[in-house]
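Small disclaimer: the values here were computed from a predicted structure and weren't measured.
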Amino acid sequence: MSAMENTGKKLDEISGVVEDISFRNEQSGFTVLELYVDDDLVIAVGVLPPVNSGEEVHMYGHWTTHPKFGRQFSAESCESKMPSGASAILRYLSSGAVKGIGPSTATKIVEAFGDRTLEIIENQPARLAEIRGISKSKAEQISQDFRSHFGLREAMAFLGQYHINPNQALAVWKRFGVGCIELIKDDPYVLCADELNIGFERADAIAMSMEKSPDSGRRIAAGLTYVLTHNLGNGHTCLPKGKLLDVASSLLEIDRAAVAEQLEEALDDSEFMQDEIRGDEFIFLPYVYEAELYCAGRIATMAMCPAEPIRNYVRQMELIESMTGIAYDGHQTEAIDAAMNKGLLVLTGGPGTGKTTTLNAIIQLLEIYGHKVAIAAPTGRAAKRITEITGHEAKTIHRLLEVEWGENDTQSFARNEKNPLDCDALIVDELSMTDILLFQSLLRAVKFGCRLVLVGDSDQLPSVGAGNVLGDLIKSGRVPVVALTEVFRQAQKSAIIMNAHRIVSGELPQLDLRDNDFFFLPMRESDRIAQTVSDLCFKRLPDAYGFNPLKDIQVLCPGRKGELGTTELNRILQQRFNPQHQKRPEIKIGGVTFRQGDKIMQVKNNYNVEWTKDDGTEGTGIFNGDVGMLEEIDKLHGFLRVRFDDRTATYSIDNADELEHAYAITVHKSQGSEFPAVIIPMYPMAPQLCYRNLLYTAVTRARSILIMVGHRQMVYRMVQNQKKTLRYSALDVFLRRDTM
């Protein structure tokens, strides 16, 4: 055995003859087989092309030790040779490798055609009908199965030379089938399909290696799609036509006029959609265009044809006021009336303005009148928070819609127009975090006549995904909106709340307070800031206030990079809270060291992670933003255990890349959450992070105490930058059109 260099990693290689296939998952391609290597029987595992007994294979990978099955070879790629010689072919066909051929039929075929058997099956299937018991139709079926069987392995080998891994190659095969090699040779840009996760740049490199023309129509169309898709990640549902042409021309390094010509052809073929937004032409991906149009049409219909009004609710509201001792102000009363009589409401407001009080009144009244109320939020932590403040169970939007996952992580929802949500009223909290595609899925599942109450803070950061749903609904003027603006007397005692309102109105926060819940510690050197943040978390705040340093205190950073970004601060805080120790197992995942006892966060929704509650209840699903403690690392058996509050979740090491350290997290990741104590390092940062909404969102995450450490000037600079992150979207325009 030797080692070779392959895509930057040293891999072992082995060659042998397949003895037996112990297991194969046809969907994923994961295979366990027995292989004779130099007279030794070796277990090999991995995502492999379909191979069968008698085949000679050459594998690249590395040796591992399985806790139950012992030493085995984990293959990352596999090259196979067709069996040669009548005896090897007989063994191969007798194994059931080709549908329709069992041991008896295999013997007859090999006796008839000898060493040419496989050539006959592939290229002259009609000759199989010469054998007694094989009809012409069966002969053709045998040949088709054989060609399909070897088409996958040829596709894997073909794509492997371009460093496309077996999982991706299998996805390509499933997407395009038998003719995929010819299809890719003709147009490598078919590999840009979203579900393949290969991307434009790699497809472009493959095309260039094939000496395809750099100004071909397919390359330009793929480049345009790439630019639009990339900008979905920046929040844009569309781009101005001129901007799109400029960026694509630069990316492709070809003349702008050629890009413009191809764009017009693509528009004629409906590969892209074009619409006039605020006097300028904008270009959309078709499914995103459909999402914004659908949401606009559905919301307009709900506004014009609202749910049946609840006319006589005032007496019941007075009873609620009497029992709770709460007197609703004018804006709160207006919001309650809109929810009762208009059936559609956007409720917005900052901290301390009575948003929760108003929402609780709406829920109580709806239930008094027999309405079945459902509550949802975009993330797990946001759903947990709204559950705590209303006393009613809330679900993530994905869970509410009963998400289903297909191959390649494609998602669909069981709840839709044909199977709507079973509720009379739906309340969605933290709407600012909801992107246009998820909002479309939600509206598709809302039955006609259902009340819809959308709640959010329009001054917070917009969604990570594309669109500006809350902002566009408010801006359209076509939806009942109630903005709560009065800060109640009790809330006025909090410097956190008062400074948050100062920030959002463009006033400088009071940074010199000494006896409240908002503190600023000025210092300039990055190492001093980092050390102070560490001391505050580890000792000063726990000693002074009794906070649990890992559960109650959260460091929030504007970004990931730099000396005071989350990456570096997590390293520093991990060393302070959970240093390396011989009794603390650790594992490196994606270049990051995770240690038993670490504070970690789930960074994407995963509805398949299994968990067990302390009372023995079992379930699945851990959500983006959930923070927990890494309780166990078992490298021998290949799993991690993480405690999230009263649940313990089990991760295979393969899907542990969904975890990150959470001693420090970004402000974006904190959306929908609230923490007893928040520490924010303030330091020179990238201009795209230095704006008012981000600072406001960070400050409003703190419930009891907030401490800023660093440059006073950065606080002022962020407050003065009132430009919200520019997002190109069209929901508000579509809502305002006369045709709606």
Side-chain angles (χ1 to χ4, degrees), residues 14-27 29 31-37 44 47-59 75 77-161 166 169-170 172-186:
I14 60 174
S15 295
V17 176
V18 178
E19 170 65 16
D20 188 33
I21 306 298
S22 304
F23 172 80
R24 180 169 177 85
N25 184 314
E26 295 299 334
Q27 293 299 314
T31 305
V32 180
L33 57 80
E34 296 178 351
L35 188 70
Y36 268 115
V37 180
V47 177
L48 305 175
V51 293
N52 292 89
S53 301
E55 291 187 55
E56 183 180 344
V57 297
H58 192 83
M59 294 181 172
S77 65
C78 175
E79 302 167 357
S80 62
K81 295 181 180 179
M82 290 288 291
S84 58
S87 60
I89 293 172
L90 176 60
R91 185 180 176 199
Y92 166 74
L93 293 177
S94 298
S95 71
V98 180
K99 290 180 182 177
I101 300 180
S104 175
T105 304
T107 300
K108 293 177 184 178
I109 294 174
V110 174
E111 285 178 350
F113 302 116
D115 294 351
R116 297 188 60 224
T117 295
L118 299 183
E119 178 190 340
I120 295 295
I121 292 174
E122 182 176 12
N123 300 316
Q124 298 175 271
R127 292 198 58 190
L128 294 177
E130 298 171 10
I131 296 171
R132 190 182 187 117
I134 300 180
S135 64
K136 289 183 179 180
S137 61
K138 184 178 180 180
E140 186 57 40
Q141 287 176 353
I142 288 172
S143 181
Q144 286 179 359
D145 185 71
F146 178 81
R147 288 196 297 269
S148 174
H149 182 80
F150 279 93
L152 173 54
R153 67 173 62 194
E154 288 172 359
M156 283 188 159
F158 172 74
L159 293 167
Q161 66 184 319
L170 184 63
V172 171
W173 169 260
K174 289 179 179 178
R175 177 77 166 76
F176 300 117
V178 175
C180 73
I181 293 177
E182 289 70 27
L183 180 65
I184 293 166
K185 286 180 177 178
D186 179 62

Of all heavy-atom pairs between [X] and [Y], which one has the smallest distance, and what is that distance?
X      : Y      : value
Ala106 : Leu93  : CB-CB, 3.7 Å
Arg132 : Lys108 : O-NZ, 4.0 Å
Ala112 : Ile131 : CB-CD1, 4.1 Å
Ala75  : Met59  : CB-SD, 3.9 Å

For Ser143 and Ile121, indicate whether the former's side chain and the latter's backbone hold a donor-acceptor pair under 3.5 Å.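 Pair found, side chain donor or acceptor close to backbone of Ile121.
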Side chain to side chain contact (heavy atoms under 4.5 Å, CB included) evaluation trace for Lys185 with Phe158: CA-CA 10 Å; Lys185 286 180 177 178; Phe158 172 74; 3.7 Å; yes
What distance do [X] atom [atom1] and [Y] atom [atom2] have between them, rounded to the nearest 0.5 Å?
X      : Y      : atom1 : atom2 : answer
Ile134 : Thr105 : CD1   : OG1   : 5.5 Å
Thr107 : Ile101 : OG1   : CD1   : 11.0 Å
Lys136 : Arg127 : NZ    : CZ    : 14.0 Å
Ile142 : Leu128 : CD1   : CG    : 5.5 Å
Ile109 : Leu90  : CD1   : CG    : 10.0 Å
Ile21  : Leu35  : CD1   : CG    : 9.0 Å

Compare all side-chain heavy atoms of Leu33 with those of Val57 and state whether any distance is below 4.5 angstrom.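 Result no, sub-4.5 Å side-chain heavy-atom pair not found.
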